[in-house]
Amino acid sequence: MTGTRRTALVTGASRGIGRAIARRLAEDGYDLTLSSRDTDALRAVAKELGQLGVRTEVAPADMAAEDDVRRVADVHCAAYGRLDALVLSAGVGSSAPLGGYPLRRFDKQFAVNVRAPFILIDACLDLLRETAELAPETGTKIAAISSVTASAPEPGLSAYGASKAALVALCEAVNTEASADGVAATAICPGYVDTDMSAWMHDRIAPTEMITSEDIAELVLALTRTSRRAVVPHLPVVRAGSELWRA
């Protein structure tokens, strides 16, 4: 049975950007399905957010495994019967120069950063469309965490940037197929965010100069509040400084 409370499915929810987004949505009253590989961390986040008065379901999964990804969609659908926001925050990155680039790293990045979002969108699109009919003002939203390297490449990040560019293209394609039905997709493209994933850059960029996870969470929440008449295909977010297009 379809519920009346708004719901969101958030991948990569146990830490970093995904956790910040999940918390911000919970603060706004969304019931949640949370997914990540780390079951213990995921349950801890679910318990913490449950104290805000929202329902939380957990769906541990390896985003590189197709069966796991499909199970995440099934868990959410069975629990709630509606989906107002699909947040695709799970991602992996690996830095290495071209010239003997390890293909296993390439394959892993495309599996997690592109294939898993594609599978989840494909599996959830009917539910997103059905829920959009229940939300005539805002419709439903897909927010995918891409990267500014999708359009402003950096040395050593060729595979990562290519996978994130593909994610941008996926969101734009979704809009051509589903935005008229009230389902809008946005690829949010930040530079370096102060998370564990960016720790390898701390010798070059101080954490205090990086974008915060809360910045991205606020943008996701703002997207959920836009009318169904507005579509934001991609949204770059860069660090303050004299160079505009930089991670």
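Applying the salt bridge (Lys or Arg N to Asp or Glu O under 4.0 Å) test to Arg228 and every residue at least two apart in sequence or in another chain returns nothing. Among residues two or more places apart in sequence or in another chain, the side chain to side chain donor-acceptor pair (under 3.5 Å) test is passed with Glu214 by none.
In the hydrophobic clustering of this structure, Leu223 groups with Leu25; members are Ile, Leu, Val, Met, Phe, Trp, Tyr whose side-chain heavy atoms approach within less than 4.5 Å, directly or through other members. Transitive grouping of hydrophobic side chains (ILVMFWY, heavy atoms separated by less than 4.5 Å) brings Leu167 and Val183 into a common cluster. Residues Tyr30 and Leu86 do not share a hydrophobic cluster, clusters being chains of Ile/Leu/Val/Met/Phe/Trp/Tyr side chains in contact below 4.5 Å. Under a hydrophobic-cluster definition in which Ile, Leu, Val, Met, Phe, Trp and Tyr are linked whenever side-chain heavy atoms come within less than 4.5 Å, directly or via other members, Ile211 and Val220 are assigned to the same cluster.
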Applying side-chain contact (heavy atoms from CB on, under 4.5 Å), run through Thr226 and Thr138 and close with a yes or a no. CA-CA 6 Å; Thr226 57; Thr138 61; over 6 Å; no
Between Thr39 and Val58, is the side-chain contact (heavy atoms from CB on, under 4.5 Å) condition met? List the steps. CA-CA 8 Å; Thr39 302; Val58 297; over 6 Å; no
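Summarising the geometry, atom CG belonging to Leu125 is positioned 8.0 Å from atom CG belonging to Asp181; distances are rounded to the nearest 0.5 Å. Interatomic distance, Cys189 SG to Ile216 CD1, rounded to the nearest 0.5 Å: 9.5 Å. The distance from the OG1 atom of Thr224 to the CD1 atom of Ile142 is 13.5 Å, given to the nearest 0.5 Å. Rounded to the nearest 0.5 Å, atoms CD1 (Ile21) and CG (Leu34) are 11.5 Å apart. For the atom pair CZ (Arg105) and CG (Leu103), the distance works out to 11.0 Å, reported to the nearest 0.5 Å. Note that CG of Leu88 is 11.0 Å distant from CG of Asn113, once rounded to the nearest 0.5 Å.
Side chains of Val237 and Val148 form no contact here, defined as non-hydrogen atoms less than 4.5 Å apart. By the 4.5 Å heavy-atom criterion applied to side chains, Tyr160 and Pro153 are not counted as neighbours. Counting heavy atoms from C-beta on, the side chains of Lys108 and Ser94 never come closer than 4.5 Å. For the pair Met63 and Arg37, the minimum side-chain heavy-atom distance is 4.5 Å or more. Between Leu83 and Thr140, the closest side-chain pair of non-hydrogen atoms is not below 4.5 Å. Counting heavy atoms from C-beta on, the side chains of Leu170 and Pro117 come closer than 4.5 Å. A 4.5 Å side-chain heavy-atom check between Leu9 and Val87 finds every atom pair outside the cut-off. Taking 4.5 Å as the limit, every side-chain heavy atom of Thr212 sits out of range of all side-chain heavy atoms of Val193.
Residues Ser146 and His234 have side chains that never bring a donor and an acceptor to within less than 3.5 angstrom of each other. Thr131 and Arg82 share no donor-acceptor pair across their side chains, judged by distance under 3.5 Å alone.
Sorted by first and then second residue, the salt bridge (charged side-chain N to carboxylate O under 4.0 Å, His left out) pairs with a member in residues 50-60 read Arg55-Glu57; sequence neighbours excluded. For residues 110-145, the pairs satisfying ring pair (Phe, Tyr, Trp, His ring centres under 6.0 Å) are Phe106-Phe110, with sequence neighbours left out.
Around the CZ atom of Arg239, the shell of radius 6.0 Å holds more than 12 heavy atoms that belong to other residues, nucleotides or ligands. Within 6.0 Å of the CZ atom in Arg5, the count of heavy atoms belonging to other residues, nucleotides or ligands exceeds 12. Residue Arg115 places its CZ atom among more than 12 non-hydrogen atoms of other residues, nucleotides or ligands, all under 6.0 Å distant. Other residues, nucleotides and ligands place more than 12 heavy atoms under 6.0 Å from the CZ atom of Arg129.
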Only distances under 3.5 Å count here; give the side-chain donor-acceptor pairs of residues 64-72 to other protein atoms, sequence neighbours excluded, each with its distance to 0.1 Å.
{"unit_1": "Glu66", "atom_1": "OE2", "unit_2": "Arg70", "atom_2": "NE", "d": "3.0"}
{"unit_1": "Glu66", "atom_1": "OE2", "unit_2": "Arg70", "atom_2": "NH2", "d": "3.3"}
{"unit_1": "Asp68", "atom_1": "OD1", "unit_2": "Arg71", "atom_2": "NH1", "d": "3.3"}
{"unit_1": "Asp68", "atom_1": "OD1", "unit_2": "Arg71", "atom_2": "NH2", "d": "3.3"}
{"unit_1": "Asp68", "atom_1": "OD2", "unit_2": "Asp62", "atom_2": "N", "d": "2.9"}
{"unit_1": "Arg71", "atom_1": "NH2", "unit_2": "Pro60", "atom_2": "O", "d": "3.4"}

Sequence neighbours excluded and cut-off under 3.5 Å, please list the side-chain donor-acceptor pairs for residues 46-53, or say none.
{"unit_1": "Glu48", "atom_1": "OE1", "unit_2": "Arg19", "atom_2": "NH2", "d": "2.6"}
{"unit_1": "Glu48", "atom_1": "OE2", "unit_2": "Arg23", "atom_2": "NH1", "d": "2.9"}

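Evaluated for a side chain to side chain donor-acceptor pair (under 3.5 Å) with Tyr192, the options Glu209, Glu154, Arg204 yield exactly one hit, Glu154.
With hydrogens and angles ignored, the 3.5 Å screen pairs a side-chain donor or acceptor of Lys164 with a backbone N or O of Ile145. Judged purely by atom type and a 3.5 angstrom limit, Ser179 has no side-chain atom pairing as donor or acceptor with the backbone of Thr176. Side chain of Thr186 to main chain of Pro233: no donor-acceptor pair is present (N/O by atom type, distance under 3.5 Å, no hydrogens or angles). Although no hydrogens or angles enter the test, the distance criterion places no donor-acceptor pair under 3.5 Å between the side chain of Thr149 and the main chain of Ala152. With hydrogens and angles disregarded, a donor-acceptor distance shorter than 3.5 Å links the side chain of Thr11 to the backbone of Ser89. In this structure a side-chain-to-backbone donor-acceptor pair under 3.5 Å is present from Asp84 to Thr7.
For Arg15 and Asp38, the salt-bridge test fails: no basic side-chain N is under 4.0 Å from an acidic carboxylate O. Note on Arg24 versus Glu218: salt bridge recorded, some NZ/NE/NH1/NH2 to OD/OE distance being below 4.0 Å.
Of all the heavy atoms in Tyr101 and Ala159, the pair that sits closest is OH-CB, 3.5 Å. Leu98 and Ser158 get closest at one heavy-atom pair: CD2-OG, 3.4 Å. Closest non-hydrogen pair, Val114 versus Ala166, comes out as CG2-CB, 3.8 Å. Of all non-hydrogen atoms in Ala20 and Ala217, the two that sit nearest each other are O-CB, 3.5 Å. Annotation for Val10 and Gly18: closest pair CG1-O, 3.7 Å, computed over non-hydrogen atoms. Residues Ser14 and Val45 approach most closely at O-CG2, 3.8 Å, considering heavy atoms.
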